[in-house]
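Beneath this line is the structure, given in structure tokens, with notes to follow.
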Amino acid sequence: MKIKSDFITREVAGEVVVVPTGEAAATFQGMITLNPSAEFLWKHLQEENTEENLLKEMLEEFDVPEEIARRDIRGFIGMLWEQGILEE
């Protein structure tokens, strides 16, 4: 899975937000603000990645228990799938 090319991030007023471009701008209304862990995952989803690899990378980067990291990754990925931001 990876982020579709029609979605980019920009810094707006000190916050990192996801902005739709191209065809996605016609169907996706709004923006998504990324916290530091979501921004980390977003960067790692720019290229093809797996949930297990994301978990491994997140545990190396953040001091968080595995079960919390796994829950947060699944929640973030689920939201991205629901919003049509990910592709296989």
Side-chain angles (χ1 to χ4, degrees):
M1 77 188 125
K2 70 179 214 171
I3 302 291
K4 290 181 179 177
S5 61
D6 285 351
F7 292 90
I8 60 172
T9 57
R10 291 290 181 255
E11 188 170 327
V12 177
E15 304 263 27
V16 176
V17 296
V18 174
V19 180
T21 64
E23 291 180 24
T27 58
F28 184 86
Q29 305 297 315
M31 294 183 290
I32 299 170
T33 303
L34 302 177
N35 65 22
S37 59
E39 182 181 3
F40 177 84
L41 293 171
W42 183 274
K43 287 178 182 176
H44 285 83
L45 285 165
Q46 293 300 304
E47 300 294 328
E48 186 67 31
N49 218 325
T50 65
E51 183 178 322
E52 286 305 311
N53 193 54
L54 292 171
L55 177 63
K56 178 181 172 263
E57 292 171 351
M58 182 169 257
L59 291 174
E60 290 174 4
E61 182 72 17
F62 295 95
D63 183 23
V64 61
E66 182 176 337
E67 61 274 4
I68 292 173
R70 186 177 301 276
R71 181 198 67 205
D72 290 351
I73 290 167
R74 286 183 176 160
F76 185 66
I77 289 171
M79 182 273 302
L80 295 178
W81 279 118
E82 184 178 296
Q83 296 298 322
I85 296 172
L86 287 178
E87 63 185 14
E88 292 191 48

If we only count heavy atoms from C-beta on, is the L34 to F76 side-chain gap below 4.5 Å?
yes

Would you please name every residue forming a salt bridge (Lys or Arg N to Asp or Glu O under 4.0 Å) with K56, sequence neighbours left out?
E60

W81 versus E88, closest heavy-atom pair with distance:
CH2-CG, 3.4 Å

Restricting to non-hydrogen atoms, name the atom on Q83 and the atom on F28 that form the minimum distance, rounded to 0.1 Å.
OE1-CE1, 3.4 Å

Hey, could you give me the [atom1]/[atom2] distance between [X] and [Y], rounded to the nearest 0.5 Å?
X   : Y   : atom1 : atom2 : answer
I73 : L45 : CD1   : CG    : 9.5 Å
L80 : I32 : CG    : CD1   : 6.5 Å
I68 : F62 : CD1   : CZ    : 13.5 Å
I85 : K2  : CD1   : NZ    : 15.0 Å
M58 : L41 : CE    : CG    : 4.0 Å

What side-chain donor-acceptor pairs closer than 3.5 Å can you find for residues 4-25, not counting sequence neighbours?
from	atom 1	to	atom 2	distance (Å)
K4	NZ	G84	O	3.1
T21	OG1	D6	O	3.0

Validation: residues 47-55 side-chain donor-acceptor distances under 3.5 Å, sequence neighbours left out:
from	atom 1	to	atom 2	distance (Å)
E48	OE2	M1	N	2.2
N49	OD1	N53	ND2	2.7
N49	ND2	H44	O	2.8
T50	OG1	N53	N	3.0
E51	OE2	R74	NE	2.6
E51	OE2	R74	NH2	3.4
E52	OE2	R70	NH1	2.7
N53	ND2	E57	OE2	2.9

